[in-house]
Amino acid sequence: PAPLALISIGQSHLAAHACPTIIGQIHRPGHDDQESAALFSNLWLVYETLGRYVEADATLEMSLRIFRDLLDTACQNYARALNNLANVHLSQKRYTRATEMLKDTLAIYRTSLPDNTRDIGLVLNNLGLASLSQQQYPQAEQLFRESLDLQRRAKDDTPELAVTLNNLALVCKLQNRLEEAAGLYSQ
């Protein structure tokens with residue numbers, strides 16, 4: 001089975017062993033570059049799930065390099081890989097680099113997607129997390145509110161909406177606005 005399927009059934013150790021084999025197959029002559037970039041974009045999740053951030057970083061960098069070589073840096077797949085790499089950097093507390101990547105992702109999404117798209121809301125939420133992690137509460141609050149507004153306009157009633165609400169409530173709580181935080185938590 002594919003590495004992502006192995007993780008979903010609790011077989012992370014088997015998934016880790018499958019990744020090098022898949023990477024070797026990706027590098028074979030005549031393999032489609034777009035497909036290779038997409039596979040690298042997906043393999044990062046296996047490594048991140050296993051806490052193997054160096055490998056997650058490397059697979060996403062490979063994906064981004066292929067997209068750059070294809071001169072396809074304005075495409076949504078490139079932006080998605082960039083967002084995923086930013087999340088790896090967030091996990092490793094490399095907030096400056098993560099923020100740069102998230103801003104680049106947001107710029108691509110804003111030029112290639114409608115304004116009320118879920119992906120834009122998720123990037124705004126991730127930017128808010130980067131600000132929150134650096135105790136930049138006013139900036140984090142503004143980003144979470146923008147994300148929340150976008151998700152609500154998109155009628156995007158998903159778990160991500162609840163996550164953004166909780167993130168916004170946390171920012172309010174950290175600024176001693178406990179009544180506002182309680183109202184957000186209850187939504």
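All values derive from a computational prediction rather than experimental measurement.
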Discussion item. Any non-hydrogen side-chain atom of Asn125 less than 4.5 Å from a side-chain atom of Glu160?
Written reply: no
Worksheet item: Between Arg94 and Asp57, is there a side-chain N and carboxylate O pair less than 4.0 Å apart?
Response: yes
Please output the side-chain donor-acceptor pairs of residues 172-182 that fall under 3.5 Å, not counting sequence neighbours, one pair per line with the distance.
from	atom 1	to	atom 2	distance (Å)
Gln175	NE2	Glu141	OE1	3.2
Gln175	NE2	Val171	O	3.3
Arg177	NE	Glu180	OE1	2.9
Arg177	NH1	Glu141	OE1	3.0
Arg177	NH2	Glu141	OE1	3.3
Arg177	NH2	Glu141	OE2	2.7
Arg177	NH2	Glu180	OE1	3.0
Arg177	NH2	Glu180	OE2	3.4
Glu180	OE2	Arg145	NH2	2.4

Worksheet item: Measuring from Thr164:OG1 to Gln151:CD, what's the distance to the nearest 0.5 Å?
Response: 4.0 Å
Practice prompt. Tell me whether Leu122 is reachable from Leu127 by hopping between hydrophobic residues (I, L, V, M, F, W, Y) whose side-chain heavy atoms are closer than 4.5 Å.
Written response: no
Discussion item. What's the separation between atom CG in Leu184 and atom CD in Gln187, rounded to the nearest 0.5 Å?
Written reply: 5.5 Å
Worksheet item: When rounded to the nearest 0.5 angstrom, what is the spacing between OH in Tyr95 and CG in Leu129?
Response: 9.5 Å
Discussion item. Quick check: do Val163 and Asn167 have side-chain heavy atoms less than 4.5 Å from each other?
Written reply: yes
Worksheet item: How far does CG of Leu124 sit from CD of Gln142, to the nearest 0.5 angstrom?
Response: 8.0 Å
Practice prompt. May I ask you to test the Leu165-Phe144 pair for a side-chain heavy-atom distance under 4.5 Å?
Written response: no
Response to the item:
Heavy atoms of Gln134 and Thr99 approach each other most closely as NE2-OG1, 4.1 Å
Worksheet entry | Euclidean distance, Leu82 CG relative to Asn87 CG, rounded to 0.5 Å | 10.0 Å
Response to the item:
Tightest non-hydrogen contact, residues Ala86 and Ala98, listed as O-CB, 3.4 Å
Discussion item. With heavy-atom distances below 4.5 Å as the criterion, would you say the side chains of Arg153 and Leu150 are in contact?
Written reply: yes
Side chains of residues 102-109: which donor-acceptor pairs under 3.5 Å do they make with residues two or more places apart or in other chains?
from	atom 1	to	atom 2	distance (Å)
Thr105	OG1	Asn83	N	3.4
Thr105	OG1	Met101	O	2.9

